[in-house]
Amino acid sequence: MDKKTEASNLSVKEIQEKSKIKSYKNDVKKTLYMDYVFEQSPKSSHWKNMFWAFLIGGLICSIGQVIIDLFVQGGVETKQASMYTSCILVAVAACATGLGIYDKLGRFAGAGSTIPITGFSNAVVAPAIEFKSEGMIYGLAAKMFNVAGPVVVNGVFVSTIIALIYLIFGV
Amino acid sequence: MMWLNILKAFLMGGFICLLGQILINLTHLTNGKILVTFLIAGAILQAFNLYQPLIDTFGAGASVPISGFGCSLVNGAVEGARAEGVFGAIKGGLEACAPGIATAIIFGYVNALIFSPRTKKK
């Protein structure tokens with residue numbers, strides 16, 4: 001125990017000293033901690049990220065297109081079909097989040113899994129599951145809109161303002 | 001014909017997600033900020049009636065990304081404003097998006113009841 005505490009004390013001192021030296025040398029407030037963060041954070045090339053985002057995002061949208069086409073073939077109007085399709089995608093993504101599949105997908109797909117409507121669904125479901133332990137009301141129900149809340153708030157605000165501008169200028 | 005639709009949806013959807021990934025790579029924005037940014041971008045494009053043509057051409061490629069959500073919010077609000085004035089403008093946006101949000105809430109609740117949190121593996 002004593003050795004451990006000593007070691008940790010030493011390392012803290014070392015870190016402080018080194019960070020002082022570094023900031024002095026580079027004239028930038030770059031601490032050793034930031035170096036450590038950059039070392040530890042996974043390095044993935046931008047090109048690879050972009051490729052996966054394009055592929056997965058495109059795949060999710062083409063699945064959506066298949067569902068829309070099936071609805072249209074079944075005699076549903078295109079506008080309605082696209083609404084039903086987003087509901088189905090949201091439902092599927094919610095279940096995939098619960099099963100832990102969507103999380104794995106998001107690790108390499110990045111924006112490809114965030115930007116489609118499925119990412120919105122994931123943003124609702126993931127915190128709901130995560131904060132279940134904090135209770136049904138202040139945990140599950142409150143944290144459900146942790147990320148999705150800002151989306152809805154901003155969306156409603158902006159769209160109402162735009163509609164009011166249309167109304168005022170009589171477009 | 002169906003395959004062409006799917007290809008168009010793939011290309012446009014991929015392109016929008018690619019833009020998002022470039023934005024993440026350059027600025028390290030978090031998921032929530034990316035979602036809000038694209039939602040507002042879609043809403044503002046639709047304010048100038050620029051996003052609906054994309055949906056008409058590329059189908060799900062433009063309507064499935066969150067910017068399509070913003071577009072349908074604006075469409076709903078503007079249609080409401082034309083039909084019922086100020087109260088229509090307030091009502092219309094959420095009305096248009098209610099199915100998606102309600103589905104997310106219902107399935108989110110059910111899934112949260114069924115599943116317990118997983119420990120994140122590295």
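Just so you know, these numbers come straight off a predicted model, no measurement behind them. Below, chain A is the first sequence line, B the second, and so on; all start at residue 1.
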A:M50 versus chain B, heavy atoms under 4.5 Å apart: side chain, backbone, both or neither?
-> both
Measuring from A:T114:OG1 to B:L29:CG, what's the distance to the nearest 0.5 Å?
-> 11.5 Å
Cut-off 4.5 Å, heavy atoms of chain B, and the answer for A:I56 is neither
Between A:F131 and chain B, which part of the residue has a heavy atom less than 4.5 Å away: side chain, backbone, both or neither?
-> neither
For the candidates B:I106, B:I16, B:I105, B:I90, which exhibits the highest count of non-hydrogen atom pairs separated by less than 4.5 Å from chain A?
-> B:I105
Can you tell if the side chain of A:I117 reaches within under 4.5 Å of the side chain of B:F69, non-hydrogen atoms only?
-> yes
If you tally heavy-atom pairs under 4.5 Å against chain A, which of B:S72, B:G108, B:S63, B:G42 wins?
-> B:G108
Backbone of B:A47 reached by a side-chain donor or acceptor of A:Y166 within 3.5 Å = yes
Largest heavy-atom contact set with chain B, pairs under 4.5 Å, which of A:A91, A:S133, A:S82 | A:A91
Is there a side-chain contact between B:Q21 and A:W52, using heavy atoms and a 4.5 Å cut-off?
-> no
Separation between CD1 (B:I6) and CG (A:D69), nearest 0.5 Å, reads 6.0 Å
In terms of heavy-atom proximity below 4.5 Å to chain A, should B:Q46 be classed as side chain, backbone, both, or neither?
-> backbone
Under 4.5 Å to a heavy atom of chain B? For A:V151 that would be both
In terms of heavy-atom proximity below 4.5 Å to chain A, should B:F58 be classed as side chain, backbone, both, or neither?
-> backbone
B:I40 versus chain A, the contacting section by heavy-atom distance below 4.5 Å = side chain
Measure distances from B:L113 to the heavy atoms of chain A and classify the residue's part below 4.5 Å as side chain, backbone, both or neither.
-> both
Against chain A, label B:L11 side chain, backbone, both or neither, depending on which of its atoms sit under 4.5 Å from a heavy atom there.
-> both
Mind checking the CG-CG spacing from B:N31 to A:N122? Nearest 0.5 Å is all I need.
-> 8.0 Å
May I ask you to decide if the ring planes of A:F54 and B:F10 are parallel, tilted or perpendicular, using 30° and 60° as cut-offs?
-> perpendicular
Report the option among B:G32, B:P99, B:G59 that has the most heavy-atom pairs separated by less than 4.5 Å from atoms of chain A.
-> B:P99
The single option from B:I22, B:L26, B:N25 passing side chain to side chain contact (heavy atoms under 4.5 Å, CB included) against A:H46 | B:N25
Honestly, the part of B:L73 sitting under 4.5 Å from a heavy atom of chain A is both
Flag side-chain contact, heavy atom, 4.5 Å: A:L89 against B:V64 = yes
Proximal component of A:S86, with respect to chain B [non-hydrogen, under 4.5 Å] | neither
The interface call for A:I63 against chain B, heavy-atom contacts under 4.5 Å, is neither
Measuring heavy-atom distances to chain B, does A:V124 have an atom under 4.5 Å in its side chain, in its backbone, in both, or in neither?
-> side chain
Engaged part of B:L39 at the chain A interface, taking heavy atoms whose separation is under 4.5 Å = side chain
To the nearest 0.5 angstrom, please state how far the OG1 atom of A:T78 sits from the CG atom of B:D56.
-> 9.0 Å
Chain B shares the most heavy-atom pairs under 4.5 Å, among A:I129, A:V125, A:L140, with A:I129
Would you mind checking which part of A:V153 comes under 4.5 Å of any heavy atom in chain B, side chain (CB onward), backbone (N, CA, C, O), both or neither?
-> neither
Which bit of A:A123 is near chain B, if near means a heavy-atom gap under 4.5 Å: side chain, backbone, both or neither?
-> side chain
Whatever's closer than 4.5 Å to a heavy atom in chain B on A:A148 counts as neither
